[in-house]
Amino acid sequence: MVLVRISKLDSVVESAYIPVGQVPADRYPKVFMAAPLALPKSRQQLILAILMLCSLLIWIENTVLSTTLETLADPVRGLGANPGQLQWATGAYTLAFATLMFTAGALGDRFGHRTVFSSGLVIFAGSSLWSAYASDADQLIAARAAMGAGSALITPAMMAILMWTFTGPARAAAIGVFSTSAGVGMAAGPVLAGFLLDHFWWGSVFLINVPVAALAWVGLAVLVPNFRSPTPRPLDPAGMLLSISGLVALAYGLIRAGQAAAWSRTDVWAPIVVGLVLLTVFVLVELRLEVPGFDPRLFARRTFGGGNVALGLLLFGVAAITFYNAFYLQGALGFSPMKAGLANIPTALGALAAAPLASRLVRRLPLRLVAVPALTMAALTMGGYAFLGLHTPLVRIEILLLIQGLSVGMAIGPVTAALISDLPLEQAGAGSAVTNTVRQTGSVIGIAVGGTIMSITYRRAIEPSLGDASGPVRDQARVSAEQARHVATTVHRPSLAQAADNAFIHAMHVGAGWIAAVALLGAAVLLVTLPAAGKKKDPAPEPAHEETRSPEPRSTA
């Protein structure tokens, strides 16, 4: 059977090998003969192990900070970071990740995916070292942004190398094995962070990245050829600059609203307006490009556009409620970091179990009947935080987290697969870039908005308890519940600590209601945009019996 390669405009998947008889005739100009390197099976397995190690590293990094937030807020054990700084420490990583990912793939096309991957590992390791020894919250925010840039260079190159290394049934098996790293990382991250925080200082959760990244870098240099596309895509510096500046301005305004407790101030609404304008210009610029890094035209497709909006709203809710969860378990309930990490395992187990279950269900039922109830249930579990308190039994919390993991996993997997399959083959890569960017952007805005709601509501709730407090005590207690507990211990006022706990629980309840409403909006979008029943695709037309040949893809060992 002759295999041909369809060129894709993507940063994530560089090629797709399909039987020549299944290639539509109108796509033949984009088809050329290609043969991937015939690497020994043992070398392929070692490459897969390296890729899984790096994927695990990134997934762990995505989860460890949530366990570390409470410690970072502590003035004694951490950096005394205020809620706004903690929002930025979380959001800066995701922001850089979201806006640089679609450019990273184009760099891999030009300079080779191993080159870009190795550069990303160096940046990731160096910024992890910087994070570990940051002397204040502002340094940590800058270091986390650099870590996000490193992750953005690593992630597209990982999938590209995987697709070049394996072909046929071996590729499908490799992707299946590779995908398990996400679930393992989600489960291991909080537990690893909890163990390190219980035994070492907070910087150890970042320092652990350095030897792992160094090991992966050596493996890349020794084992992985420098795969690159024979048709490099143009870089998109204007799009990258506009998207970064727009999202930074928007996130700054939203986070500043929580610190100022007022939306009417110029330093709140002006950045929000500037951010929205810059993002609008970003979309207009991308529409004018023949080969954009982020293609807004894809949103005109009903299923693709609606599905991405729904996933963005879902990730908004997941990021915001995860932010609340960190302070609830360790701050309000007083769990140790290790206990909090173990308490979050049901979420990861639920997400792991949901993937095969959702796959089986969508084979038998229309996607809408699977995804809409799952997203609705995910939203309800987020709203369920409004019923948690200072004396809620742990078993009830664990059941809520398990159902949340199951429902989120059942929504994200099938919808993401449907979004890409809804596109023509030559647009699948561009669609992947759009989907990844939308999901990360939803997370950034979720952290900004969720944290702002929590800060404003907490400040209003704690105010009546500060009437007889001195000025410095009052100012510190207003910052956050963590600061209030610390100052209450210092001045021997346990009633202030109790008031801070109650104010935080009230703020969490209010925020959970808004977060659930946003996630429910995502379910409504899915209900409207997904087809009521699955549609069978027409068989591809038979091509003419001729082949257009182009140079074979380059690979530099």
Might you point out which heavy atoms bring [X] and [Y] nearest each other, and give the distance in Å?
{"X": "Pro373", "Y": "Arg368", "result": "CD-O, 3.5 Å"}
{"X": "Ser480", "Y": "Tyr458", "result": "O-OH, 3.1 Å"}
{"X": "Ala152", "Y": "Leu100", "result": "CB-CB, 3.7 Å"}
{"X": "Phe335", "Y": "Ala343", "result": "CE2-CB, 4.4 Å"}
{"X": "Pro414", "Y": "Val362", "result": "CB-CG1, 3.8 Å"}
{"X": "Gly511", "Y": "Ile453", "result": "CA-CG2, 3.8 Å"}

Side chain proximity check, [X] to [Y], heavy atoms < 4.5 angstrom:
{"X": "Trp514", "Y": "Val510", "value": "yes"}
{"X": "Trp88", "Y": "Ile447", "value": "no"}
{"X": "Met382", "Y": "Gln404", "value": "yes"}
{"X": "Thr452", "Y": "Gln87", "value": "yes"}
{"X": "Tyr328", "Y": "Phe504", "value": "yes"}
{"X": "Asn344", "Y": "Leu329", "value": "yes"}
{"X": "Gln483", "Y": "Asn82", "value": "no"}
{"X": "Asn502", "Y": "Leu390", "value": "yes"}

For the [atom1] atom of [X] and the [atom2] atom of [Y], what is their distance to the nearest 0.5 Å?
{"X": "Ile321", "Y": "Tyr324", "atom1": "CD1", "atom2": "OH", "value": "7.0 Å"}
{"X": "Arg77", "Y": "Leu72", "atom1": "CZ", "atom2": "CG", "value": "9.5 Å"}
{"X": "Leu314", "Y": "Leu520", "atom1": "CG", "atom2": "CG", "value": "11.0 Å"}
{"X": "Thr67", "Y": "Met338", "atom1": "OG1", "atom2": "CE", "value": "10.5 Å"}
{"X": "Phe316", "Y": "Ser443", "atom1": "CZ", "atom2": "OG", "value": "10.5 Å"}
{"X": "Leu380", "Y": "Ile403", "atom1": "CG", "atom2": "CD1", "value": "10.0 Å"}

> Given the rule in the side chain to side chain contact (heavy atoms under 4.5 Å, CB included) test, do Ser151 and Phe124 qualify, once you have shown the distances and angles that lead to the verdict?
Replying inline: CA-CA 7 Å; Ser151 296; Phe124 187 86; 3.4 Å; yes
> Which ring-ring contact (aromatic ring centres under 6.0 Å, His included) pairs, counting each pair once, include a residue from residues 371-407, with sequence neighbours left out?
Replying inline: none
> side-chain contact (heavy atoms from CB on, under 4.5 Å) with Thr347: which of Thr381, Leu401, Leu400?
Replying inline: Leu401
> Met147 pairs by side-chain contact (heavy atoms from CB on, under 4.5 Å) with which of Phe97, Tyr93, Trp130?
Replying inline: Tyr93
> According to the interplanar angle, ranging from 0 to 90°, do the rings of Phe195 and His199 count as parallel (below 30°), tilted (30 to 60°) or perpendicular (above 60°)?
Replying inline: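 Aromatic pair Phe195/His199 classed tilted.
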>> Evaluate Thr155 against Phe117 for side chain to side chain contact (heavy atoms under 4.5 Å, CB included), listing each step before the verdict.
In response: CA-CA 8 Å; Thr155 301; Phe117 198 151; over 6 Å; no
>> I'd like to know if the side chain of Thr457 reaches the main chain of Met454, judged simply by a donor and an acceptor atom lying under 3.5 Å from each other, with no hydrogens or angles considered.
In response: no
> Under 3.5 Å, is there a donor-acceptor pair between the side chain of His486 and the main chain of Gly80?
Replying inline: no
>> Strictly below 4.0 Å, N to O, side chains only: are Arg485 and Asp74 in salt-bridge contact?
In response: no
>> Any carboxylate oxygen within less than 4.0 angstrom of a Lys/Arg side-chain nitrogen, looking at Glu463 and Arg478?
In response: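 Yes.
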> Would Leu197 and Phe200 satisfy side chain to side chain contact (heavy atoms under 4.5 Å, CB included), going step by step from the backbone distance to the final call?
Replying inline: CA-CA 5 Å; Leu197 291 171; Phe200 307 99; over 6 Å; no
>> Considering only residues two or more places apart or on different chains, which pairs with a residue in residues 131-150 satisfy salt bridge (charged side-chain N to carboxylate O under 4.0 Å, His left out)?
In response: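 Of all non-adjacent pairs touching residues 131-150, those that pass salt bridge (charged side-chain N to carboxylate O under 4.0 Å, His left out) are Glu61-Arg144.
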>> Apply side chain to side chain contact (heavy atoms under 4.5 Å, CB included) to residues Phe327 and Leu86 and explain how you reach the verdict.
In response: CA-CA 11 Å; Phe327 297 106; Leu86 294 176; 3.4 Å; yes
> Got a sec, which pairs hit side-chain hydrogen bond (donor to acceptor under 3.5 Å, both in side chains) with one end in residues 310-322, sequence neighbours left out?
Replying inline: none
>> Within the supplied structure, the quantity of interest is the number of heavy atoms (other residues, nucleotides, ligands) at a distance under 6.0 Å from Trp217 CH2; does it exceed 12?
In response: no
